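All remarks here apply to the structure that follows.
Counting from 1, the numbers follow the sequence of the chain as shown. In this text the structure is predicted, and so the values were computed from the model without any measurement.
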Amino acid sequence: MNTARRQPEMLPRGTLILAGALVAFAFGSALIVRVAGIPPAASPAAMRAEANIQPVATRTLRFFDRADGAVVIQDVGSNTIASVIEPGEETGFIRGVMRGLARERRMHGVGNQPPFTLTAWRDGQLSLTDTATGRSIEMTAFGSSNRAAFAALLPKTVTTTASVAR
């Protein structure tokens, strides 16, 4: 007497075929791009270098956490305080960006001493570069209000000139 029952299929056959076709398409696409020698999309830094776009202004900054939760932004060039972000201020974007960059620095065994370079470019772009890891973040990609949070760390004449160039 056979008491074994047939188990229902966990996934329908059509779903498995579709998933297999999707994987084959992804591998095929990657292979075609490799074989055809199609270059990857250029980074904004590479595009600026190719177009010979010069910086309008740069500012070298260090970011420190204070015991009360404030973030102190120091201008390395003049050794002055550029800004202080008090706890609860509407500048969570700066805190978030710096938290991510600090995490990357910890992974590389780098402390908070090497500065960051904030650069306004002639084409209106704004970038923040970590001098320790080489990572560069394009602020324009995060929208105008988030970009403005970092642009406020540059001299006022630079931020108005850069925004007009856009």
Side-chain angles (χ1 to χ4, degrees), residues 1-51 53 55 61-73 83-121 123-154 162-163 166:
M1 181 183 269
N2 188 359
T3 59
R5 287 201 242 161
R6 184 171 178 197
Q7 293 288 331
E9 291 182 35
M10 295 295 273
L11 289 172
R13 182 181 171 115
T15 303
L16 291 174
I17 291 171
L18 221 56
L22 182 62
V23 169
F25 174 76
F27 279 121
S29 298
L31 182 66
I32 289 169
V33 167
R34 281 289 218 181
V35 170
I38 299 171
S43 69
M47 291 170 56
R48 277 194 295 268
E50 186 178 307
I53 296 172
L61 304 167
R62 273 197 198 101
F63 295 78
F64 297 102
D65 289 324
R66 230 172 36 194
D68 65 353
V71 175
V72 178
I73 305 170
S83 182
V84 176
I85 303 171
E86 298 293 341
E89 280 189 33
E90 294 293 322
T91 51
F93 178 67
I94 292 177
R95 287 178 184 275
V97 167
M98 298 318 298
R99 193 174 302 123
L101 290 170
R103 181 176 42 246
E104 186 172 350
R105 281 185 168 192
R106 278 192 303 274
M107 290 182 348
H108 286 91
V110 178
N112 65 353
Q113 284 304 310
F116 295 87
T117 304
L118 182 63
T119 307
W121 299 93
D123 65 351
Q125 301 296 315
L126 185 68
S127 63
L128 180 70
T129 304
D130 186 344
T131 61
T133 64
R135 178 153 183 222
S136 182
I137 298 176
E138 298 296 320
M139 294 300 144
T140 309
F142 297 101
S144 60
S145 61
N146 289 329
R147 179 190 183 285
F150 274 94
L153 298 174
L154 291 170
S163 60
R166 288 185 89 216

Value rounded to 0.5 Å, distance of [atom1] in [X] from [atom2] in [Y]:
{"X": "L22", "Y": "I17", "atom1": "CG", "atom2": "CD1", "result": "14.0 Å"}
{"X": "S136", "Y": "F116", "atom1": "OG", "atom2": "CZ", "result": "11.5 Å"}
{"X": "R135", "Y": "S127", "atom1": "CZ", "atom2": "OG", "result": "13.0 Å"}
{"X": "L154", "Y": "L61", "atom1": "CG", "atom2": "CG", "result": "8.0 Å"}
{"X": "L128", "Y": "L153", "atom1": "CG", "atom2": "CG", "result": "9.0 Å"}
{"X": "R48", "Y": "E138", "atom1": "CZ", "atom2": "CD", "result": "4.0 Å"}

State, with a plain yes or no, whether a side-chain heavy atom of [X] is found less than 4.5 Å away from one of [Y].
{"X": "F64", "Y": "M98", "value": "no"}
{"X": "D130", "Y": "V110", "value": "no"}
{"X": "L101", "Y": "I137", "value": "yes"}
{"X": "R95", "Y": "I85", "value": "yes"}
{"X": "E86", "Y": "R66", "value": "yes"}

Closest non-hydrogen atom pair, [X] against [Y]:
{"X": "I94", "Y": "A149", "answer": "CD1-O, 3.6 Å"}
{"X": "P87", "Y": "D68", "answer": "CG-O, 3.2 Å"}
{"X": "T119", "Y": "P55", "answer": "CG2-CB, 3.6 Å"}
{"X": "F150", "Y": "L118", "answer": "O-CD2, 3.3 Å"}
{"X": "E104", "Y": "H108", "answer": "O-ND1, 2.9 Å"}

Please determine whether side chain to side chain contact (heavy atoms under 4.5 Å, CB included) holds for the pair D65 and V71, giving the CA-CA distance in whole Å, both sets of side-chain angles, and the decisive distance to 0.1 Å.
CA-CA 5 Å; D65 289 324; V71 175; 3.7 Å; yes
Look at the rings of F142 and F93 and say which category their plane angle falls in: under 30° parallel, 30 to 60° tilted, over 60° perpendicular.
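Ring orientation, 0 to 90° scale: tilted.
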For P114, does its backbone N or O pair with a side-chain atom of R105 as donor and acceptor, under 3.5 Å?
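Such a contact is found between R105 side chain and P114 backbone.
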Under the 3.5 angstrom rule, does the side chain of T131 hit a backbone N or O of P115 as a donor-acceptor pair?
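Present.
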